[in-house]
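Chain naming here is simple, since letters A, B, ... match the order of the sequence lines and numbering starts at 1 in each. The analysis underlying the following values was restricted to heavy atoms, covering all of them including side chains, and did not include hydrogens, waters or symmetry mates.
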Amino acid sequence: MLDTRKQIIKGRSVVDDDWSVLKLDEGQAPDTVAVPDGKVIVPVPVWLAQRDALAARAGQHGRIGIWFAPDELATAVQDDLGQFAVIAIDFPKFTDGRGYSIAFNLRRRLHYKGELRAIGDVLRDQLFQMQRCGFDAYATRPDRNIHDAVKGLSVFSETYQASVDQPQPLFRRQARGTEAEHTGSGA
Amino acid sequence: MYRYDQYDHLIVRERIAQYRDQVQRRLNDELTEEEFLPLRLQNGLYMQRHAYMLRIAVPYGLLSTAQMRTFAHIARTYDRDYGHFTTRQNIQFNWIELERTPDILSDLAAVEMHAIQTSGNCIRNITTDEYAGVAADEIIDPRPYAEILRQWSTFHPEFIALPRKFKIAVNGAVEDRAAIAMHDIGLTAVRGADGEVGFKFMVGGGLGRTPILGSVINDFVPWQDLLTYTEAVMRVYNQFGRRDNKYKARIKILVKAVGAEEFARMVEAEFADLKGGPETLTREEVERVAVWFNPKPYATLAAIDPRAGHADDKAFANWLMRNVKPHKVPGYAAVVLSLKKTGVPPGDATSAQMDFVADLADRYSFGELRVTHEQNLVLADVEQSKLYELWTQAKAQGLATPNIGLLTDIIACPGGDYCALANAKSIPIAAAIAKRFDDLDYQHDIGEIELNISGCINACGHHHVGHIGVLGVDKDGSEWYQVSLGGAQGNQAAIGKIIGPSFSAPQMPEVVQRLLDVYVRERVEGERFVDVAQRLGIAPFKEHVYATPIVAQETAGEDHHA
Ligand code: HEM
Ligand code: SF4
């Protein structure tokens, strides 16, 4: 099944998008499925099974992407990261948070620098944390207004802990309040 | 106690704006109930049997009097004039309207409180010892570390949709009063050879359907690595915890499946990348937070015998014996205000009582209170010379029942009176047992005993670790109670064993009576109920309890506040 979307959020803007996402239908196998021409984001198992052919194509046109399912680890394709124009992580259900750890590991451990796109059940109220974990593109759910969803990126202006977007925790970034600044009794 | 700085205020304010908008979108149907559910849960809002319930975070159980008075205000303004203190040191309000929750959050923010992550599949409120900072056996005060963990876990972007809820407890003393073995992560402060502080990491404890005590995966994690090591544990759990079955999704199942050693290895592999990184704690940060928990302005006092001058007052003596705890500073004591008066659901307090205990804390305890995981309140810093005065006042408000650690100091979850998940009621069982054993002389004779009741297998009432555990079960649509024995919390934590077929509600007081009969018959000098239960096993108890039919004696099961 080829999922084509017209618009995504990239950075903080709504932009046109011409990538499509290949999902295996029932009965299709990663080694035999035909990957159509054009800008296609393929599942990790398809990349692994058809690596040489797809790599050649990536080399020629600079256009192949992969997507991770939540149970795949960032390390699955760690030597190939330079070949992808886009990496997507699928959130089949918005309650499944494994994709956040995949994103973190791709960025912080494996130093992936290209586009990192959230796909699947992607809703406005997840975008802030997705951005923190290193996503910079969001294919939000098509039944929701994408311009509303953009607002989800700017919910908080400060955060306590470090993550991909902000490698320094608050306590290293800012001089924080100490007793001297307070006039209260401490009670 | 910890005071918010500008950043804490900012984050809580922005959270309220976010949540207010989410509620509005739900009311406008821009969010489906399914989408709204995890959002409201991460804000402590549950749909219960009758109404919404809001759970407010009391970080590590510590409260100022302004905060307590705000609870009283919430009870009066938005609820039915009472609140319920829980085994996780939080407070719950049972009759909340969705539309008003953002306003409640604004009221809370004014006193540096919130409901962030009091529910949902994220890192929950961090709990600790209710005597933290005043206990004589304390190695370190765990509260600065609990606060640092609170901040770190607040809206942690990576750990907001974990396989299941996640609970961390920190214990700083020799004796474990934070029930660390039944937490997803249980931390114990230890001192290394050079005197430096570190943490023993116990992982994979939990109650619920499959009760498991935690396993130690590292004996000494230096304090600098507290956050990075915790992060490594969380990342392993987030990636490898089961998500196919919510009953198998807790970290305890993962630790058990791979074994503690292999789990430790997985954590080390993640930790290798994080060690020494930016989340490594600095001395400045620990000291900045610790300043707020510094010793109070204690007066220099001589230790006195609080009974002096009141030698004939047996009621006062009983209260001193049960409800007053030692303090590391001479001349001071910690006082437990019992929320277990017979006839009142365990942990419930009215708005008048909340205002009143706030007054007491202002008068006698530097304006601070604590919530215990046994669902009582503590005034931690009372001058011994003021104990009689305090007792007289607390007694007048029904808060001086001298039953701490005794049979009627029952832990009970809200059960079927409120909870949509319950198989059976808990509160009326607690009430029936408390009524039957109301005689304080008898209770004092029985001595220390923990009776814990849960209305279903989720174990919110800690029944597995009760010396006597009572679990509500459903049999053909009616409510029954299964009894276990020999559970314990603390350093000798143990999971209780079920004694046999379950009982009907009206049989329960007699069941407890029979268990106590065996104890009284078998005990040797100084032996507590749980010691006898563990020494003899369940056999003699079982034999006696089931020997003759139990005639139903009490009528339990009336709806309380419904
Ligand atoms: C009000 C509605 C409540 C609901 C719907 C609820 C739900 C649950 C559920 C589903 C679990 C099992 C979690 C699991 O094993 O994964 C659980 C466990 C627990 N809950 Fe509650 N609960 C409620 C109230 C309370 C209250 C009032 C307390 C404290 C008095 C409490 C404290 C706990 C504790 C200590 C556990 C056991 C944690 C463990 O397994 O380690 N809960 N609750
Ligand atoms: S133990 Fe069951 S009945 Fe009791 S509060 Fe928890 S979920 Fe509800």
Side-chain angles (χ1 to χ4, degrees), chain A residues 70-71 73-74 91 93-105 108-109 121 123-126 128-134 141 144-145 148 151-152 155-182 184-187, chain B residues 1 3-8 10-11 14-15 17-18 21-22 25 30-31 35 37-39 64-66 121-122 148 150-163 227 231 234-235 238-239 241 243 273 277-279 281-282 284-285 287-289 291-292 294 296 361-362 366-368:
Chain A
D71 61 351
L73 299 180
F91 289 80
K93 286 193 301 230
F94 61 84
T95 47
D96 186 335
R98 286 176 286 186
Y100 301 120
S101 285
I102 301 173
F104 181 90
N105 277 336
R108 285 291 289 277
R109 244 173 143 173
D121 204 1
L123 294 162
R124 166 176 170 174
D125 293 289
Q126 290 139 270
F128 188 81
Q129 70 235 32
M130 286 179 163
Q131 149 190 272
R132 295 219 60 208
C133 292
R141 235 168 64 182
R144 293 302 148 88
N145 184 325
D148 274 347
K151 296 178 195 157
V155 179
F156 293 99
S157 46
E158 276 296 353
T159 53
Y160 288 116
Q161 61 296 102
S163 195
V164 175
D165 65 326
Q166 176 46 271
Q168 299 293 322
L170 184 59
F171 69 82
R172 287 185 190 268
R173 272 193 335 263
Q174 305 284 3
R176 298 201 56 196
T178 57
E179 191 156 34
E181 289 169 36
H182 286 269
S185 65
Chain B
M1 65 189 285
R3 294 294 311 267
Y4 281 14
D5 72 356
Q6 69 202 89
Y7 299 102
D8 303 299
L10 179 67
I11 287 167
E14 290 178 338
R15 163 53 148 207
Q18 177 194 34
D21 178 58
Q22 288 166 344
R25 281 187 277 140
E30 289 166 48
L31 283 173
E35 288 164 17
L37 178 84
L39 304 178
S64 71
T65 50
N121 294 334
C122 49
I148 285 168
R150 179 192 78 83
Q151 295 188 17
W152 170 82
S153 61
T154 296
F155 304 133
H156 197 297
E158 195 184 335
F159 308 128
I160 204 77
L162 293 167
L227 299 181
E231 181 172 336
M234 300 309 304
R235 187 161 300 125
N238 194 33
Q239 292 180 99
R243 290 174 185 262
D273 267 11
E279 293 274 15
L281 277 175
T282 60
E284 294 70 42
E285 175 62 0
E287 280 169 3
R288 178 186 77 81
V289 176
V291 158
W292 296 109
N294 264 347
K296 303 281 162 23
D362 275 339
F366 302 121
E368 277 181 17

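To the nearest 0.5 Å, atoms CH2 (B/W292) and CE (B/M1) are separated by 11.0 Å. Here CG of B/L31 is found 6.5 Å from CG of B/L39. Values are rounded to the nearest 0.5 Å. From A/S163, atom OG reaches atom CD of B/E279 across 8.5 Å, with rounding to the nearest 0.5 Å.
A/R132 and A/Q161 form a side-chain donor-acceptor contact under 3.5 Å, judged by distance and modelled atom types alone. The closest side-chain donor-acceptor pair between B/E158 and A/S101 falls under 3.5 angstrom. Side-chain contact check for A/R176 and B/Q151: at least one donor-acceptor pair (N or O, by modelled atom type) lies under 3.5 Å. Between the side chains of B/E368 and B/S64, no donor-acceptor pair of N or O atoms lies under 3.5 Å.
The most heavy-atom pairs under 4.5 Å with chain A, out of B/A161, B/G277, B/P163, B/A361, come from B/A161. Options A/T95, A/N145, A/D121, A/D125 differ in how many heavy-atom pairs under 4.5 Å they form with chain B, and the most are formed by A/D125. Taking chain B as the reference chain and counting heavy-atom pairs below 4.5 Å, the highest number among A/Y100, A/F171, A/F94 is found for A/F171. Of all the listed residues (B/L227, B/V289, B/L162, B/D21), the one sharing the greatest number of non-hydrogen pairs under 4.5 Å with chain A is B/D21.
For chain B, the nearby part of A/N105 is the side chain; its heavy atoms alone come within less than 4.5 Å. Contact annotation for A/I102: neither backbone nor side-chain heavy atoms come within less than 4.5 Å of a heavy atom of chain B. Neither the backbone nor the side chain of B/I148 comes within contact range of chain A; no heavy atom of the residue lies under 4.5 Å from a heavy atom of that chain. In this structure, chain A has no heavy atom under 4.5 Å from any part of B/E284. In this structure, the portion of A/T159 lying under 4.5 Å from any heavy atom of chain B is its backbone and not its side chain. For A/F156, the parts lying near chain B are the backbone and the side chain together; criterion is any non-hydrogen pair under 4.5 Å. Both the backbone and the side chain of B/R15 come within less than 4.5 Å of a heavy atom in chain A. Residue B/N238 touches chain A through both its backbone and its side chain, counting heavy-atom pairs closer than 4.5 Å. Contact of B/I160 with chain A is made through the side chain alone, with heavy-atom distances under 4.5 Å. Neither the backbone nor the side chain of B/E287 comes within less than 4.5 Å of any heavy atom of chain A. With a 4.5 angstrom heavy-atom cutoff, A/R98 touches chain B via backbone and side-chain atoms both.
When the options A/Q166, A/Q168, A/R173 are evaluated for a side chain to side chain contact (heavy atoms under 4.5 Å, CB included) with B/P278, the one that passes is A/Q168. Checked against B/E35 for a salt bridge (Lys or Arg N to Asp or Glu O under 4.0 Å), the options A/R124, A/R144, A/K93 give a single hit: A/R144.
With A/Q129 contributing its side chain and B/F155 its backbone, the two residues share no donor-acceptor pair below 3.5 Å.
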